[in-house]
Amino acid sequence: MNKIVAIDGPAGSGKGTITQIIADKCHLVNIDTGATYRCVALAALRHGLTLDDKEAIIDLSSKINITFDETGHVFLDGEDVSEEIRGKEVTTFVSPVSSIVEVRTNMVALQRQMALGHDVIMEGRDITTVVFPNAQYKFYLDASLEERAKRRYAQNQEKGIEMSYEEVLDNIKKRDYNDMHKEVGSLIRTDDAIYIDTTNMTIDEVANKMINIIEGD
Ligand code: DC
C-alpha cells in the first residue's frame, strides 16, 4: 500500500513549508490541495466570474486542467501559475470559492486521483477528515492567530506581495472563519490526528518531530 501523510491546519500554521521539507527528506510526492482551489479561483477571476456565478464556477472547476511538477510548481491548463495564485486577488476570492460544495467534490476527486500509485504528503483543511480519513499518518498543525499573521506577512514581503500586517491579519481571521464554517469539508481537529502547536517552534523542529513519527516505524 502507498504511504499517505495527511496534514490539516489553518492558514499560516506552517503546513506548506513543512510539507515541502518532509516531502524532500522522505521522498514523498507533495500535493498542495490549497493550490487546486486557488487555480479554480484564478480561472474564475480570469473569466470575469463573481460569487453570483456559482454554476459557471462549478462548471469551470470540472473542466480546467490542474497539474503539479516535481518541484511543486502549479500549472493551470499548462501555464505555470505558481506565483499568480498567491496574489492578493486570488487569496481573497479563494475562500468563498472553496466553500462551494460541488467545487469541493471535484477537487477532492482530483486530489485522490493525483495520489494514486504514489507515496504522498498532502496538506489542506479536510485531508485528515474527507480526502484521506484512513491515512497512516495524520497531523493537525496550529499556531496562534498573531504568529500566523506574522509568518504570512513575512512570506508576502519576501515574495513582493503588497499587503499590510493589518490586511494580512484581517484576511487570516476571515479565512479562519470560512475554513471552520463550511457546509462540507470544514477544518476540524480530530482526536486521531497528532496535534502540534508550532507557535514557539522553528520550522525544522516541527519537520523533525514529524519525520521521526513518519519514519519511526
Ligand atoms: O492552504 P491555502 O491557503 O493555499 O488554501 C487556499 C484556500 O483553499 C483556503 O481558503 C482554504 C481552502 N482549502 C480548502 O478548503 N481545503 C483544502 N483541502 C485546502 C485549502
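We number each residue from 1, following the sequence as shown. Whatever order the structure lists ligands and atoms in, that order sets their numbers, starting from 1.
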Decide yes or no on salt bridge (Lys or Arg N to Asp or Glu O under 4.0 Å) for Lys182 and Asp126, but give the supporting numbers first. CA-CA 11 Å; Lys182 290 197 173 97; Asp126 60 344; over 6 Å; no
Atoms of ligand 1 less than 4.0 Å from Asp126 heavy atoms? 16 (N), 17 (C), 18 (N)
How are the rings of Tyr165 and Tyr153 set to each other: parallel, tilted or perpendicular (split at 30° and 60°)? perpendicular
Hits for side-chain contact (heavy atoms from CB on, under 4.5 Å) against Arg46, two or more places apart or cross-chain, chain-then-number order -> Leu42, Leu76, Glu79, Val81, Glu84
Run the salt bridge (Lys or Arg N to Asp or Glu O under 4.0 Å) check on Glu183 and Arg104 step by step: do they pass? CA-CA 10 Å; Glu183 211 177 321; Arg104 300 202 69 80; over 6 Å; no
Side chains of Gln155 and Arg86: does their closest heavy-atom pair fall under 4.5 Å? no
Of the protein's non-hydrogen atoms, which lies at the shortest distance from atom 19 (C) of ligand 1, and what is that distance? Thr33 OG1, 3.4 Å
Distance-only polar pair, side chains of Arg151 and Thr198, donor-acceptor under 3.5 Å: yes
For atom 12 (C) of ligand 1, what is the closest protein heavy atom, and at what distance to 0.1 Å? Ser98 OG, 3.6 Å
Just distances here: any N/O of Lys182 and N/O of ligand 1 closer than 3.5 Å? yes
Nearest non-hydrogen atom to atom 2 (P) of ligand 1 belongs to which of Lys15, Gln111, Arg86, Arg175? Arg175
If I apply the N/O under 3.5 Å rule, does Arg152 come out as touching ligand 1? no
Please classify the Arg104 to ligand 1 contact at 4.0 Å (heavy-atom distances, strictly less than): side chain, backbone, both or neither. side chain
Heavy-atom nearest neighbour in the protein, as seen from atom 7 (C) of ligand 1, with distance rounded to 0.1 Å: Val94 CG2, 3.6 Å
So Tyr177 and His181, would you call those rings parallel, tilted or perpendicular, with 30° and 60° as cut-offs? parallel
Met122 versus Phe132: any side-chain heavy-atom pair under 4.5 Å? yes
Is it the side chain, the backbone, both or neither of Ala11 that has a heavy atom closer than 4.0 Å to ligand 1? neither
In the protein, what heavy atom is nearest to atom 17 (C) of ligand 1, and what distance, to one decimal place, separates them? Arg125 N, 3.3 Å
In ligand 1, the atoms that come under 4.0 Å of a heavy atom of Arg38 are 2 (P), 3 (O), 4 (O), 6 (C)
Close-contact set for ligand 1 against Gly124 heavy atoms, below 4.0 Å: 17 (C), 18 (N), 19 (C)
Return the residue, atom name and 0.1 Å-rounded distance of the protein heavy atom closest to atom 11 (C) of ligand 1. Asp179 OD1, 3.4 Å
Protein heavy atom at shortest distance from atom 20 (C) of ligand 1: Gly34 CA, 3.5 Å
Check Asp179 with Arg125, please: is the shortest side-chain N to carboxylate O separation under 4.0 Å? yes
